[in-house]
Amino acid sequence: AHHPHASALYQVLRATRHHQSFTIPQIATARSVGASPNTVKRAILTLINLGLIRQVGLKRTGRGPRPAILYEFFTP
């Protein structure tokens with residue numbers, strides 16, 4: 001199956017995330033890729049399901065009540 005939003009998100013993440021773990025702020029990311037936050041959320045889940053990224057923890061950011069999810073690129 002073809003996942004254009006997931007593919008676009010993965011390219012953006014590869015180009016902009018240079019630390020081992022990283023967050024994906026959904027609203028800001030949605031603005032930067034011209035998609036809705038729900039589309040970004042689905043794209044993140046697709047990347048996880050395809051085994052390209054994985055959740056590795058939580059990070060307190062001071063923004064909002066919930067911590068941000070930390071991700072890593074998955075390299076077996």
Side-chain angles (χ1 to χ4, degrees):
H2 188 59
H3 304 282
H5 293 293
S7 178
L9 177 61
Y10 187 71
Q11 290 175 12
V12 167
L13 294 175
R14 277 292 185 189
T16 60
R17 301 310 196 263
H18 305 293
H19 297 288
Q20 181 173 344
S21 59
F22 53 87
T23 61
I24 307 173
Q26 291 179 15
I27 293 171
T29 303
R31 274 193 215 112
S32 74
V33 299
S36 74
N38 279 337
T39 297
V40 170
K41 185 176 184 176
R42 284 192 302 273
I44 291 168
L45 292 175
T46 298
L47 293 177
I48 292 169
N49 290 335
L50 291 173
L52 296 172
I53 63 173
R54 63 180 174 186
Q55 293 182 20
V56 294
L58 299 173
K59 176 183 179 181
R60 291 248 168 238
T61 62
R63 291 186 188 173
R66 297 185 313 219
I69 298 169
L70 284 172
Y71 300 92
E72 286 182 356
F73 294 111
F74 183 70
T75 50

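The chain is numbered in sequence order, starting from 1.
Every residue two or more places apart in sequence or in another chain that forms a ring pair (Phe, Tyr, Trp, His ring centres under 6.0 Å) with Y10 is listed here: F73.
Other members of the hydrophobic cluster containing L70, listed by chain and number, are V56; membership follows side-chain contacts under 4.5 Å among ILVMFWY residues, whether direct or relayed.
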Can you list, pair by pair, the side-chain donor-acceptor contacts under 3.5 Å of residues 42-52, counting residues two or more places apart and other chains?
{"from": "R42", "atom 1": "NH2", "to": "T39", "atom 2": "OG1", "distance (Å)": "3.3"}
{"from": "T46", "atom 1": "OG1", "to": "R42", "atom 2": "O", "distance (Å)": "2.9"}
{"from": "N49", "atom 1": "ND2", "to": "L45", "atom 2": "O", "distance (Å)": "3.2"}

Give every donor-acceptor pair under 3.5 Å between a side-chain atom in residues 26-35 and any protein atom, sequence neighbours left out.
{"from": "T29", "atom 1": "OG1", "to": "P25", "atom 2": "O", "distance (Å)": "2.6"}
{"from": "S32", "atom 1": "OG", "to": "T29", "atom 2": "O", "distance (Å)": "2.9"}

* To do: Verify side chain to side chain contact (heavy atoms under 4.5 Å, CB included) between F74 and I53, making sure each step is shown before the conclusion.
  => CA-CA 5 Å; F74 183 70; I53 63 173; 5.9 Å; no

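Contacts classified as salt bridge (charged side-chain N to carboxylate O under 4.0 Å, His left out) and involving residues 46-59 (residues at least two apart or in different chains) are given here: R54-E72.
Once rounded to the nearest 0.5 Å, the distance linking CG of L9 with CZ of R14 reads 12.0 Å.
A 4.5 Å side-chain heavy-atom check between I69 and T23 finds every atom pair outside the cut-off.
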